[in-house]
Amino acid sequence: MFKFLSDLAPKVIALSDRFPWAIPLFGFGSGVASFLLVERKQELAQILAALILASWCWLLMEKSMHRLVFRWFGFQLPQPLFAYATQLVHQESLFFVIPFFFITTAWNSGQAIYTGLLMIAAVISIVDPIYFRGLVPRRSWYFTFHGLTLFAILLTALPIIFHLPTAKSYYWALAIALLVTLAAVASESQWRWWKRGLLVLILAGVLGAAGLWARPWIPPATLWLTEVAITHSIDDANRAPENHLKTLSQADLRKGLYAYTAIHAPRGLNERIYHVWLLNGKLVDKVALDINGGREAGYRAWSHKVNFPENALGRWQIHVVTEANQLIGILRFTVVAGAASDNVADSPESTPSATSSSVPVTPDAAIKTPLMNLIE
């Protein structure tokens, strides 16, 4: 079996050189398929995500497989096989997660930096001269690349496969990515054991703290807004906003306001999210809401605010965040002196899209709508 793999490896590598677009295309296709199938065919989406995780398990056993094959069969598997396999896993993983992060990113926030890094990493993984000559020999950059990729795939796969809430998925993904990355750093280091141990402890503390600090900049890969509204009232029968507001007067606030959000989540996922009300960037209120995944159009939930500051003039934002403080999206409205002149008061059937009326930052309706129409 292993001899067969040894003979097959050069042929596989030659085919990959001839058709370099095939592996990234497969990874991207499986990512799009999983994104579309999370609701309609959840079991298939779980299988695709599990296969990606299984490829990482194989990759993490690389050195052990080298030793076992040599001990049992007396020959070594060719190094190009493992170099190619590592690149393949990186390509497959990065192109798998890109559809999820592309949709869930709030593009006018710091999340754009993280998703942009993933896209750059995906390009690096398919350009052989950059990957093998520029990245792999620079071990510190290579380990960073490795950890970034593993972190992204865990953020995406854990909620789909195990229905872990986003906050727990984040902590598990961060811990596993750090463990794997730091173990590789320790194994590559030529320092004495106590120096390596000290290095690992320092890096674990610094990178762990950085990962916790950066949570608002990391998109929740499986949660996104499907509809939002600022409204004076909710139609209880249809669980829908009765009007959409963008500009209000202080007198309008006496009626109270609802922040309405429909949030898509994978079936079986129970999640606590928060509506964080901000006035001119300062915290005013924070309301907890529990959502359940499984509804194609998103789980509809809202917070109701009736008490406003005496001086409520200015720009208001409602940040929709997870328990791990990851930003799902933002609702905006403005309170002005005198009568409001820019309100939209339509019936639910004729209401403009959420992005045109309440300006949510995620997802971008121009991109999301064609993708979601593929499910129909």
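- When side chains are defined from C-beta on, I263 does not count as touching W224, because their heavy atoms never get closer than 4.5 Å.
- The environment of D290 atom CG is dense: over 12 non-hydrogen atoms of other residues, nucleotides or ligands sit within 6.0 angstrom.
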Notebook entry, point to check: Checking side-chain contact (heavy atoms from CB on, under 4.5 Å) for the pair L203/L199: CA distance, chi angles, key distance, verdict?
Noted result: CA-CA 6 Å; L203 287 177; L199 174 65; 3.9 Å; yes
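- When ring centroids are compared, Y170 and F151 come within the 6.0 Å threshold.
- Here I202 sits in one hydrophobic cluster together with L198, V206; the rule is ILVMFWY side chains under 4.5 Å apart, joined directly or through other members.
- Considering only heavy atoms from C-beta on, Y171 comes within 4.5 Å of R215 through its side chain.
- Crowding of K168 atom NZ: a count of heavy atoms from other residues, nucleotides or ligands under 6.0 Å not exceeding 12.
- The line from OG1 of T334 to CD of Q317 is 9.5 Å long, rounded to the nearest 0.5 Å.
- Looking at Q87, its side chain never comes within 3.5 Å of a backbone N or O of I126 through a donor-acceptor pair.
- Across L118 and A152, no two heavy atoms sit closer than the pair CD2-CB, 3.8 Å.
- Of all the heavy atoms in L248 and H232, the pair that sits closest is CD2-CE1, 4.0 Å.
- Side-chain contact check for V320 versus L327: every heavy-atom pair is 4.5 Å or farther apart.
- With rounding to the nearest 0.5 angstrom, the CE atom of M119 is 14.0 Å from the CD1 atom of I124.
- A continuous path of ILVMFWY side-chain contacts below 4.5 Å connects I120 to F145, so both sit in one hydrophobic cluster.
- Remark: the backbone N or O of P165 is not paired with any side-chain donor or acceptor of R272 at under 3.5 angstrom.
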Notebook entry, point to check: Can you list the steps and then say if I328 with T322 is a side-chain contact (heavy atoms from CB on, under 4.5 Å)?
Noted result: CA-CA 7 Å; I328 303 173; T322 69; 3.9 Å; yes
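- What you find for Y114 and P219 is that their closest heavy atoms are CD2-CD, 3.7 Å.
- Note on Y260 and W316: separate hydrophobic clusters, where clusters join Ile, Leu, Val, Met, Phe, Trp and Tyr whose side-chain heavy atoms are under 4.5 Å apart, directly or indirectly.
- Within 6.0 Å of atom CZ in R139, more than 12 heavy atoms from other residues, nucleotides or ligands are found, so the atom counts as buried in its surroundings.
- The NE2 atom of H163 sits 10.0 Å away from the OG1 atom of T222 when rounded to the nearest 0.5 Å.
- Minimum heavy-atom separation, L245 to F333: O-CB, 4.4 Å.
- Counting only distance, with no hydrogens or angles, the side chain of K255 and the backbone of L257 share no donor-acceptor pair below 3.5 Å.
- Across V335 and A312, no two heavy atoms sit closer than the pair CB-O, 3.3 Å.
- Aromatic ring orientation, Y258 versus H304: parallel (interplanar angle below 30°, classes split at 30° and 60°).
- Between V228 and L225, the shortest heavy-atom distance links the atoms CG1-CD1, 3.5 Å.
- L135 CG to D128 CG: the interatomic distance, rounded to the nearest 0.5 Å, is 12.0 Å.
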Check: So S233 and E242, side chain to side chain donor-acceptor pair (under 3.5 Å) or not? Walk me through it.
Finding: CA-CA 6 Å; S233 58; E242 293 191 349; 2.8 Å; yes
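- Judged purely by atom type and a 3.5 angstrom limit, N238 has no side-chain atom pairing as donor or acceptor with the backbone of A240.
- Looking at S109, its side chain does come within 3.5 Å of a backbone N or O of A106 through a donor-acceptor pair.
- Here the side chain of Q111 pairs no donor or acceptor atom with the backbone of T105 at under 3.5 angstrom.
- Distance check: L154 CG to I161 CD1 gives 9.0 Å after rounding to the nearest 0.5 Å.
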Listing, residues 273-281 side-chain donor-acceptor contacts under 3.5 Å, not counting sequence neighbours, or none:
from: H275; atom 1: ND1; to: S303; atom 2: OG; distance (Å): 2.7
from: H275; atom 1: NE2; to: T261; atom 2: OG1; distance (Å): 3.1
from: W277; atom 1: NE1; to: S303; atom 2: OG; distance (Å): 3.3
from: N280; atom 1: OD1; to: R315; atom 2: N; distance (Å): 3.0

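- For R138, the side-chain hydrogen bond (donor to acceptor under 3.5 Å, both in side chains) criterion is met by no residue, not counting sequence neighbours.
- A donor-acceptor pair is defined here as one N or O able to donate and one able to accept, closer than 3.5 Å; no such pair exists between the side chain of R133 and the backbone of I130.
- Once rounded to the nearest 0.5 Å, the distance linking OG of S249 with CZ of R254 reads 8.0 Å.
- The main-chain N or O of F102 is found under 3.5 Å from a side-chain atom of W107 such that the two form a donor-acceptor pair.
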Next item on the list: Run the numbers on T166 and E271 for side-chain contact (heavy atoms from CB on, under 4.5 Å), then give the verdict.
Entry: CA-CA 7 Å; T166 305; E271 185 86 14; 2.9 Å; yes
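- Residues H244 and T231 form no side-chain contact, since every pair of their non-hydrogen atoms from C-beta on lies 4.5 Å or further apart.
- A donor-acceptor contact shorter than 3.5 Å links the side chain of T226 to the backbone of A262.
- T181 is not listed as a side-chain neighbour of L150, based on a closest heavy-atom distance of 4.5 Å or more.
- A continuous path of Ile, Leu, Val, Met, Phe, Trp and Tyr side chains, each step under 4.5 Å between heavy atoms, connects W172 with V180, placing both in one hydrophobic cluster.
- In this structure a side-chain-to-backbone donor-acceptor pair under 3.5 Å is present from S169 to L164.
- With a 4.5 Å cut-off on side-chain heavy atoms, V97 and L155 do not count as touching.
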Notebook entry, point to check: Between F100 and I160, does a side-chain contact (heavy atoms from CB on, under 4.5 Å) hold up when you go through it step by step?
Noted result: CA-CA 12 Å; F100 288 91; I160 295 175; 3.9 Å; yes
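- Side-chain heavy atoms closer than 4.5 Å link hydrophobic residues (I, L, V, M, F, W, Y) into clusters, and following such links, possibly through other members, connects V136 to V127.
- Clustering ILVMFWY residues whenever any of their side-chain heavy atoms sit less than 4.5 angstrom apart, transitively, puts W302 in a cluster other than the one holding I230.
- Ring pair H90/Y131 is perpendicular by interplanar angle, where above 60° counts as perpendicular and below 30° as parallel.
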